[in-house]
Amino acid sequence: MPAKTTVALVVSAAVLVLFYAYGPGPGDGKPAAVAAPKAGRSLSSYFNLGASASSAPAADPAFASLSAQLKLLAASGTPEDAYAAYSLLDDCIMFQAEGRLAALEFERGSEMTAEEKAAEAQLCGSMTQRQKDSRLDFLLAAAKGGVAGASSLFLREGPFGDPYALRDRPGDPLVLEWKQQVLALLTERAGDGELAGINTLMVEYLSGGDLVQKDAALAYRYLLAMRLVFDDILVPGATNPYQDSYWQGLRDQLTPEQQAAALDKANRMAAKYRQHAGQAAHG
């Protein structure tokens, strides 16, 4: 396995484990929590980074169609409900492709029952192509509204739902416009102390690729932010995976001035994270 791939996997795994427990929640800074599944919505809705439950009443699929639930969520106008609508549609797409919801089964440690599969099939059976396509609009609204993790998922979906468009159509003006949009969203969320955004940009700038060129200074900035946040959230005695000794090769590519600038930006991001965590703790 190439070295840069190994690095990406290591840092992504590290942040995933702790983000579920400690990551900031949607735009109000509340911490994310894995909630019990509500009727008509699977646990995969809660499995994405920093995702939170919809603030609208969940509908029972036995009594509310997919269209009715989407209409209810869209009517609220909140970023959280836009994310819930995206999750609802994403679950349906996954279920129709695989006949199961792997995230739900992983979360609870057991397979879906026949009754659950029948209910999901009933809910998703009427899904139209237009509704499938609308999930990206819902996700973009959630990302713009500051729902934690939504911007990273928007990157994963790719331009207009094509995860290979950045690679296959790098000169397409529409793809370039989308690229600028998602990078701006990720940078904004990272700057506000969102761990998913920080981690995503760290990996992108470490590895380089279709979204951004490899950039040691920016990679080190986001790496330092992760280290500072993990210093706060790790239990005493736990090893922080972002220590300078491990990343010395990256640091040594930078001048003292670049290192100082990276530390200043990292401190700002970590301070934002602490601010949101403090608001949640006293809210």
Exercise for review: Could you tell me whether a side-chain N or O of Asn267 sits under 3.5 Å from a main-chain N or O of Leu263, the two making a donor and an acceptor?
Suggested key: yes
Check your understanding: Strictly by modelled atom types, are Thr128 and Arg130 linked by a side-chain donor-acceptor pair under 3.5 Å?
Key -> no
Study note, to complete from the structure: One should read off an interatomic distance between Lys117 NZ and Thr113 OG1, to the nearest 0.5 angstrom, of 8.5 Å
Review point. Should the pair Arg100-Glu105 be classified as a salt bridge under the 4.0 Å nitrogen-to-oxygen rule?
Key: yes
Review point. So, Glu177 and Arg169, do they make that salt bridge, N to O below 4.0 Å?
Key: no
Review point. Partners of Asp210 by side chain to side chain contact (heavy atoms under 4.5 Å, CB included), sequence neighbours excluded?
Key: Leu166, Arg167
Point to revise | Distance, nearest 0.5 Å, that separates CG of Leu183 from CG of Leu201 | key: 6.5 Å
Review point. Parallel, tilted or perpendicular for Tyr242 and Phe230, by the 30°/60° rule?
Key: perpendicular
Under 3.5 Å, sequence neighbours excluded: what are the donor-acceptor pairs made by side chains of residues 133-148?
unit_1	atom_1	unit_2	atom_2	d
Asp133	OD1	Gln129	NE2	3.0
Ser134	OG	Gln131	O	2.7
Arg135	NH1	Lys132	O	3.0
Arg135	NH2	Glu157	OE1	3.1

Review point. Which value, rounded to the nearest 0.5 Å, describes the distance between Asp192 atom CG and Thr187 atom OG1?
Key: 12.5 Å
Check your understanding: Short question: side chain of Asp81, backbone of Ser76 - any donor-acceptor pair under 3.5 Å?
Key -> no
Review point. Within the distance-only criterion (no hydrogens, no angle test), does the side chain of Asp162 pair as donor or acceptor with the backbone N or O of Tyr164 below 3.5 angstrom?
Key: yes
